[in-house]
Amino acid sequence: MIGRFLNKLGSKSGAIALCVAGVIAVAAPQPAFASDWGCQVVLCLATPGSPTKYAECVPPITKLWNALAMGAGFPSCTGVGIKTKSAKHGYTMTVTQTDGTTSRYSLDARYQTVTQQ
């Protein structure tokens, strides 16, 4: 089927141009979106300063504190290097960047604070 389509292009240069366009379309960077709550939480917690510094972070962080207060587990975010571990009054979170460096955060559910360690 693809071969017939390429034959209809009429020349090798047309086929090459189509292949190059396909490679460019696949290789072009796509915007990343935090579409699930767990990833939104991770992005907001990693914000320097307060995790609610930006208005977009208020709803997911508020939902996080409510969930932790009710004893629910920490939300997951697939596809990123996040490890969470229960601590005495909340969680510790380790974020591993693509270059291998790590950042550690302590979340205190009692006082709703986040500190970088």
Side-chain angles (χ1 to χ4, degrees):
M1 184 168 169
I2 293 174
R4 281 188 273 160
F5 178 72
L6 293 176
N7 285 337
K8 288 183 180 182
L9 289 176
S11 70
K12 289 183 181 180
S13 62
I16 292 171
L18 180 64
C19 290
V20 169
V23 169
I24 290 171
V26 171
Q30 301 296 318
F33 297 100
S35 58
D36 65 322
W37 172 54
C39 293
Q40 292 171 355
V41 165
V42 170
L43 288 172
C44 293
L45 290 175
T47 301
S50 170
T52 55
K53 180 178 181 178
Y54 300 102
E56 295 83 6
C57 287
V58 172
I61 295 300
T62 301
K63 183 177 176 181
L64 170 69
W65 295 131
N66 291 335
L68 293 179
M70 295 179 69
F74 197 87
S76 63
C77 177
T78 58
V80 294
I82 305 291
K83 291 183 183 177
T84 57
K85 186 170 109 175
S86 291
K88 186 172 182 179
H89 297 289
Y91 287 85
T92 57
M93 180 175 76
T94 304
V95 180
T96 304
Q97 286 83 11
T98 55
D99 64 359
T101 59
T102 59
S103 300
R104 298 185 199 297
Y105 302 91
S106 176
L107 286 72
D108 190 324
R110 297 172 301 167
Y111 305 111
Q112 301 182 352
T113 58
V114 179
T115 54
Q116 188 168 8
Q117 300 176 334

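For this chain, numbers begin at 1 and follow the sequence in order.
- Minimum heavy-atom separation, Y91 to A72: OH-O, 3.6 Å.
- Here the shortest heavy-atom pairing between A109 and L68 reads CB-CB, 4.1 Å.
- Expressed to the nearest 0.5 Å, how far NZ of K83 lies from OG1 of T96 amounts to 6.5 Å.
- Atom CE of M93 and atom OG1 of T84 lie 8.5 Å apart (nearest 0.5 Å).
- The heavy-atom pair separating A67 from W37 by the smallest distance is CB-CH2, 4.0 Å.
- Summarising the geometry, atom OG belonging to S106 is positioned 12.5 Å from atom NZ belonging to K88; distances are rounded to the nearest 0.5 Å.
- Within the model, atoms CG of L43 and CD of E56 stand 11.5 Å from one another, a figure rounded to the nearest 0.5 Å.
- In terms of heavy-atom proximity, V41 sits nearest to P60 at CG2-O, 3.8 Å.
- Note that CG of D108 and CH2 of W65 are 7.5 Å apart. Values are rounded to the nearest 0.5 Å.
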For side-chain contact (heavy atoms from CB on, under 4.5 Å), just list the numbers for L64 and L45, CA-CA rounded to whole Å, side-chain angles, deciding distance to a tenth of an Å, and then say yes or no.
CA-CA 10 Å; L64 170 69; L45 290 175; 4.2 Å; yes

